[in-house]
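Contents: one structure, followed by commentary.
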Amino acid sequence: MPAGTEVRVDSGAMGAVSNPPEGKNALLRGLPSIEQLLRRPSLEPRLANLPHARAVAALRLAVERVRSRLLAGDPRPFEDADVEVALASLATPNLRPVINATGVVLHTNLGRAPLAPEAVERVVAVARGYSNLEYDLDEGERGSRYAPLIGHLRTLTGAEDAIVVNNCAGAVLLVLAALASGRECVVSRGELVEIGGGFRIPDVMRQSGAKLVEVGTTNRTRRADYANALTPDTGLIVKVHRSNFALVGFTEEASLAELTELGRSRNVPVFQDLGSGALVPLSGPGLTPEPTVGQAIRDGADVVAFSGDKLLGGPQAGVIVGRADLLQRIKSHPLTRALRVDKMTVAALEATLELYRDGRPDAVPTQSLLTQQPALLQARAERLAALLAARGVVGRVVSVDGQVGGGAMPLARLPSYACSLTVEAPKVFLERLREAEVPVIGRIADDEVVLDVRCLSEEDLGQVAQAVAAARSGNQP
Ligand SMILES: *Cc1c(COP(=O)(O)O)cnc(C)c1O
């Protein structure tokens with residue numbers, strides 16, 4: 001401020017006097033310190049009953065947010081209300097449940113497979129205290145954390161042995177490191193996929209120390225292409241499920257059975273990365289055929305890897321099943337220790353596998369969500385529309401195409417139903433839905449906000465209606 005300038009402040013109406021054109025820097029310098037705020041009388045009633053560390057965390061967060069606000073050109077100074085907002089956000093976990101109104105069942109960004117209640121209960125029971133995770137109760141000595149799973153996996157897939165690691169990408173890395181490090185592994189050019197989030201199968205493979213030998217062309221790879229590439233240095237023939245894309249038109253590929261016949265004749269094991277790994281055949285409106293793990297074993301695959309949280313519907317995990325001698329080599333590789341699963345994963349996976357063992361695949365949420373009948377979904381969308389109407393919002397019931405997600409069945413178009421909302425600014429509206437107490441995740445199609453009901457429970461319908469009404473009125477719910 002230039003010397004001699006007089007600023008008169010009318011003490012009764014601070015807000016009414018326009019601020020002198022102070023720069024951003026002055027405003028930033030004017031931010032209160034945490035010490036000052038802790039002593040500020042107006043905040044005392046609010047902070048007095050909180051643990052000191054929590055009060056300090058809230059004040060830091062509040063000041064940090066005002067600082068960002070000022071830097072972004074918003075001149076509002078620090079107010080006590082900023083502390084209130086910070087306290088509320090401290091009370092909200094960073095990772096929390098959301099409502100999936102996208103219609104994508106295995107939505108990787110939204111946590112993929114929801115667990116069955118049986119699996120959740122098992123996790124809670126085991127997480128709460130001690131367990132026999134690596135303790136053999138019969139012998140009273142050290143046991144294997146994989147023991148509870150191996151029997152189920154052998155029965156459900158027909159394989160001789162099994163192990164479970166952190167995820168399927170880890171499983172692929174481990175299999176290649178244990179069976180083909182320093183050696184060649186032969187794979188079709190048409191199967192070198194990027195599985196999402198920028199992760200490419202060939203990059204994962206190279207990390208294992210195996211030398212990739214690509215055969216065939218993008219659209220056609222024959223048995224002879226593999227046969228010609230085999231050398232005394234070949235450690236593995238690899239077949240990768242294309243998962244998230246499909247080849248159509250002038251295409252050809254060697255079947256798994258053809259490759260295992262070739263592998264046997266040349267004494268080279270065949271590894272199939274199945275990705276989504278269905279344990280049972282899945283059929284329902286719009287679903288496309290998906291090979292099961294059991295089929296891959298019957299086709300002669302020596303080792304098969306698949307995800308725990310895709311079509312299987314369990315926790316994040318990478319399952320490896322196959323020939324006992326190869327599994328032995330995999331289990332004794334040092335990476336196995338680095339990729340090992342924790343007790344919560346073992347608990348959830350065992351409980352999920354039991355549902356398959358008992359012939360109750362429908363009790364696995366992924367399975368039931370994927371196989372819902374369109375008439376049921378239509379009725380649910382109509383119930384949501386009625387709940388919206390009761391709040392003065394028009395939601396048109398429309399038929400839409402849903403997706404499996406998680407890179408599974410890319411061509412499947414699941415016939416589903418949604419409530420479609422005509423709003424002024426769809427993007428802003430979606431943003432407001434995400435601000436709900438339980439954030440609602442929808443999508444935009446043809447400039448409308450579309451809320452697919454496939455993954456919504458009855459309880460969710462009420463919450464969605466409430467969030468929509470709040471978003472419509474512009475108030476934060
Ligand atoms: C999804 C997928 C993976 C990775 O599985 P994650 O469990 O997500 O690590 C690997 N390979 C294929 C073919 C896949 O579809």
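One-based numbering, in listed order, for ligands and for the atoms of each.
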| said: Tell me whether the count of non-hydrogen atoms from other residues, nucleotides or ligands lying under 6.0 Å of CD in E459 goes above 12. | reply: no
| Is there side-chain contact between I441 and L433, with at least one heavy-atom pair below 4.5 Å? | no
| said: Any nitrogen or oxygen of C168, side chain or backbone, less than 3.5 Å from one on ligand 1? | reply: yes
| request: Starting from the C-alpha separation in whole Å, work towards a yes-or-no answer on side-chain hydrogen bond (donor to acceptor under 3.5 Å, both in side chains) for T231 and E184. | output: CA-CA 8 Å; T231 72; E184 294 175 351; 3.2 Å; yes
| said: Taking only non-hydrogen atoms of R242, do any sit less than 4.0 angstrom from ligand 1? | reply: no
| Can you tell me which residue and heavy atom of the protein come closest to atom 4 (C) of ligand 1, and the distance to 0.1 Å? | I195 CD1, 3.5 Å
| query | Can an N or O of H241 be found at a distance shorter than 3.5 Å from an N or O of ligand 1? | reply | no
| With a 3.5 Å cut-off and no angle check, do the side chains of S188 and E253 form a donor-acceptor pair? | no
| message | Using a 4.0 Å cutoff against the non-hydrogen atoms of I201, which atoms of ligand 1 qualify? | response | 11 (N)
| Side chains of T234 and R266: do they bring a donor and an acceptor to under 3.5 Å? | no
| Do any nitrogen or oxygen atoms of S276 come within less than 3.5 Å of a nitrogen or oxygen of ligand 1? | no
| Heavy atoms from other residues, nucleotides or ligands near CZ of R154 exceed 12 (cutoff 6.0 Å) | no
| request: Indicate yes or no: at least one non-hydrogen side-chain atom of Q367 is less than 4.5 angstrom from one of L355. | output: no
| message | I'd like to check whether V240 has a polar contact with ligand 1, where a contact means an N/O of the residue lying under 3.5 Å from an N/O of the ligand. | response | no
| query | To the nearest 0.1 Å, how far is atom 3 (C) of ligand 1 from its closest protein heavy atom, and which atom is that? | reply | K310 NZ, 3.6 Å
| query | Which protein heavy atom lies closest to atom 11 (N) of ligand 1, and at what distance to 0.1 Å? | reply | D273 OD2, 2.7 Å
| request: Check the surroundings of atom CD in E134: do more than 12 heavy atoms from other residues, nucleotides or ligands lie under 6.0 Å from it? | output: yes
| Can you tell if the side chain of T366 reaches within under 4.5 Å of the side chain of P114, non-hydrogen atoms only? | yes
| message | Using a 4.0 Å cutoff against the non-hydrogen atoms of S307, which atoms of ligand 1 qualify? | response | 5 (O), 6 (P), 7 (O)
| message | Suppose I only count heavy atoms of R112 and a 4.0 Å limit; which atoms of ligand 1 are within that range? | response | 6 (P), 7 (O), 8 (O)
| field | Close approach, V172 and ligand 1, non-hydrogen under 4.0 angstrom | value | no
| query | So does E64 pair up with R67, basic N to acidic O under 4.0 Å? | reply | yes
| query | Just which atoms of ligand 1 are under 4.0 Å from any heavy atom in A169? | reply | 4 (C), 5 (O), 6 (P), 9 (O)
| message | Which residue and atom name correspond to the protein heavy atom nearest atom 15 (O) of ligand 1, and how close is it? | response | S243 OG, 2.4 Å
| request: Answer yes or no for N166: is there a heavy-atom contact with ligand 1 below 4.0 Å? | output: no
